[in-house]
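Here the structure is laid out as structure tokens; the discussion comes afterwards.
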Amino acid sequence: MIYDVVVVGGGPAGATAAEDLARSGKTVAMIDRAGRIKPCGGAIPPRLIEDFDIPEAQIVAKINTARMISPTHRQVDIPIENGFVGMVDREHFDEFLRVRAEKAGAHRFTGTYLRIEREEDATRLIYRDKATRQEMALRTRIIVGADGARSDVARDEVPGGDKIPYVIAYHEIIKAPGKVGSYDPGRCDVIYDGTISPDFYGWVFPHGSSASVGMGTGINGIDLKKATADLRAASGLAECETIRKEGAPIPLKPLDRWDNGRDVVLAGDAAGVVAPSSGEGIYYAMVGGRVAATAAAACLASGRVKDLQLARKLFMKEHKTVFKVLGAMQNAYYKSDDRRERFVSLCHDVDVQKLTFEAYMNKRLVRARPMAHLRIGLKNLGHLTGLLSPTST
């Protein structure tokens, strides 16, 4: 048969694209390597839960406080008002999404992408079947590349797809105790300390009966495992049983182009849609999968390959400004421990706290309080110019 769409990758982006397309009546195949779990803090906002109909059973913890920790170990607790941050375990969450796509009608295959070949009436996606180790082919009209950062599909098919900037993330999933040391099962800790990560941050995120402890960096030569061990020790979690360890690249900037102008469109990490500064990716991956499905469906209906550009256009229309602001914040404050100290000081500000989490929960910048923005802007300027001391709040 010739599929309407073959989706490469069964993470949040690929599974969402496959489900949306199958529910719209398209013939869909989804191919995933299986067995690979992406290192991820697992935080999802209420908007994701609502927009993508995530059942309560997938939420392993509800977080009501975020703690920012500076290089000098100053701590700022930010309450999450009028809501919560949901936590998921990617081992189970991703499989839930794949199963849901399959139930919607997507045909599921397990294997590894190898290459794309063209025929006169269709495109052939060649993959290595996991069970037989043989090369297999799926014939299709359109391919959605959702195979993660450093995507093979992007490298092969989309101009600039091999040049995406990224950090390497590493984490350990551990059996979590109750409150012990500085660990609190109801709080996410974000550690801005150059001894843990000189250019990004470390995290301790509760997952109910387990927790994710990890860090990210874009600098070669950093010992990620040692940094994570130090973070565990500082949090009182050194003796907890380790369930699994995972590492992977995390993209830092959306690609300038998401399609090849013919039959391929990218989604999720393959397109670079991880939020700068925060590294948040699950929500944006699922939105990326949804807009890729929209673009693929439009192209199938119209026969115009230009419609594949809709994926990037729709995504950037809603999220470009947020990505721009977060990127500027990362560039300004992640350069040194002095800057990170100033960033945590800025987080003491109640206006910063409220606006940050309103934006996080709703996935859009909050514009309703101009005086709050003015005060934040003046404090931000003071810290960046050195007029304020690193400990000024």
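The chain is numbered in sequence order, starting from 1.
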Margin query: Going by the rule salt bridge (charged side-chain N to carboxylate O under 4.0 Å, His left out), which residues pair with R244 if we only count those two or more places apart in sequence or in a different chain?
Written below: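 With neighbours one apart ignored, the set is D89, E91, E246.
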
Check: Looking at residues at least two apart in the chain, or sitting in another chain, which of them share a salt bridge (charged side-chain N to carboxylate O under 4.0 Å, His left out) with D259?
Finding: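 Salt bridge (charged side-chain N to carboxylate O under 4.0 Å, His left out) list for D259, sorted by chain: empty.
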
Notebook entry, point to check: Passes side chain to side chain contact (heavy atoms under 4.5 Å, CB included), W203 versus D189? Steps please.
Noted result: CA-CA 6 Å; W203 68 82; D189 290 355; over 6 Å; no

Residue pair [X] / [Y], side-chain heavy-atom distance below 4.5 Å:
X    : Y    : answer
P12  : D94  : yes
P276 : L252 : no
L138 : F109 : yes
T65  : C188 : no
R100 : R23  : yes
P177 : L237 : yes
L224 : T217 : yes

Does [X] come within less than 4.0 Å of [Y], counting only side-chain N to carboxylate O?
X    : Y    : answer
E102 : R98  : no
D152 : R115 : no
R342 : D338 : yes
K38  : D269 : yes

Next item on the list: Give the C-alpha distance, both sets of side-chain angles, the deciding distance and a yes or no for side chain to side chain contact (heavy atoms under 4.5 Å, CB included) between Y201 and I191.
Entry: CA-CA 6 Å; Y201 64 81; I191 299 89; 5.9 Å; no

Work out which heavy atom in [X] is nearest to a heavy atom in [Y]; give both atom names and the distance.
X    : Y    : value
V204 : S235 : CG2-OG, 3.6 Å
V264 : E157 : CG2-CG, 4.0 Å
A292 : A267 : CB-CB, 3.8 Å
G9   : M30  : O-CG, 4.1 Å
Y183 : S210 : OH-O, 4.1 Å
L310 : A295 : CB-CB, 4.0 Å

Donor-acceptor pair, [X] side chain versus [Y] backbone, under 3.5 Å?
X    : Y    : answer
R150 : D162 : no
R128 : R133 : yes
E19  : A101 : no
D147 : V8   : no
D4   : T27  : yes

Notebook entry, point to check: What do the steps show when you test I59 against V88 for side chain to side chain contact (heavy atoms under 4.5 Å, CB included), and what is the final call?
Noted result: CA-CA 5 Å; I59 310 302; V88 297; 4.2 Å; yes

Gap between atom [atom2] of [Y] and atom [atom1] of [X] - 0.5 Å precision:
X    : Y    : atom1 : atom2 : result
S182 : Q75  : OG    : CD    : 7.0 Å
T16  : L48  : OG1   : CG    : 8.0 Å
H171 : M215 : NE2   : CE    : 13.0 Å
Y127 : M136 : OH    : CE    : 4.5 Å
T140 : R124 : OG1   : CZ    : 12.5 Å
L300 : L21  : CG    : CG    : 8.0 Å

Margin query: Using side-chain hydrogen bond (donor to acceptor under 3.5 Å, both in side chains), reason through D193 and T195 one step at a time and then give a plain yes or no.
Written below: CA-CA 5 Å; D193 185 343; T195 63; 3.0 Å; yes

Next item on the list: May I have the step-by-step check of salt bridge (Lys or Arg N to Asp or Glu O under 4.0 Å) for E56 and K62, ending in yes or no?
Entry: CA-CA 10 Å; E56 182 76 16; K62 293 182 178 180; 3.0 Å; yes

Note to self: salt bridge (Lys or Arg N to Asp or Glu O under 4.0 Å), that's the test. Do E280 and R47 meet it? Break it down for me.
What the structure shows: CA-CA 14 Å; E280 182 191 359; R47 183 172 173 184; over 6 Å; no

Connected via hydrophobic side-chain network under 4.5 Å: [X] and [Y]:
X    : Y    : value
I63  : I69  : no
V7   : F93  : no
V287 : L326 : yes
V213 : V85  : no
I31  : I116 : yes

Notebook entry, point to check: Between M87 and S212, does a side chain to side chain contact (heavy atoms under 4.5 Å, CB included) hold up when you go through it step by step?
Noted result: CA-CA 10 Å; M87 307 302 294; S212 165; over 6 Å; no

Margin query: Would K313 and E318 count as a salt bridge (Lys or Arg N to Asp or Glu O under 4.0 Å) here? Give the steps.
Written below: CA-CA 9 Å; K313 289 178 179 178; E318 183 168 3; over 6 Å; no

Next item on the list: May I have all residue pairs that pass ring-ring contact (aromatic ring centres under 6.0 Å, His included) and include part of residues 1-27, sequence neighbours excluded?
Entry: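 Output for this query lists Y3-H107.
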
Notebook entry, point to check: Is there a salt bridge (Lys or Arg N to Asp or Glu O under 4.0 Å) between D263 and R118 once you walk through the steps?
Noted result: CA-CA 10 Å; D263 53 10; R118 265 87 186 188; 2.6 Å; yes

Checklist line | F323 ring center near Y284 ring center (under 6.0 Å) | finding: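 F323 vs Y284: aromatic centres under 6.0 Å.
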
Check: Between Y334 and Y192, is the gap from one ring center to the other below 6.0 Å?
Finding: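 They qualify: ring centres under 6.0 Å apart.
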
Next item on the list: For side-chain hydrogen bond (donor to acceptor under 3.5 Å, both in side chains), just list the numbers for T242 and R232, CA-CA rounded to whole Å, side-chain angles, deciding distance to a tenth of an Å, and then say yes or no.
Entry: CA-CA 11 Å; T242 301; R232 285 180 62 169; 2.8 Å; yes

Note to self: Is it the case that over 12 heavy atoms from other parts of the model lie below 6.0 angstrom from the CD atom of E119?
What the structure shows: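 Yes, the 6.0 Å shell around CD holds more than 12 heavy atoms from other groups.
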
Next item on the list: Check the pair S302 / D307 against side-chain hydrogen bond (donor to acceptor under 3.5 Å, both in side chains), numbers first and verdict last.
Entry: CA-CA 8 Å; S302 69; D307 285 345; 2.5 Å; yes

Item checked: Verdict with reasoning, S70 to E341, per side-chain hydrogen bond (donor to acceptor under 3.5 Å, both in side chains) -> CA-CA 5 Å; S70 79; E341 194 74 41; 2.8 Å; yes

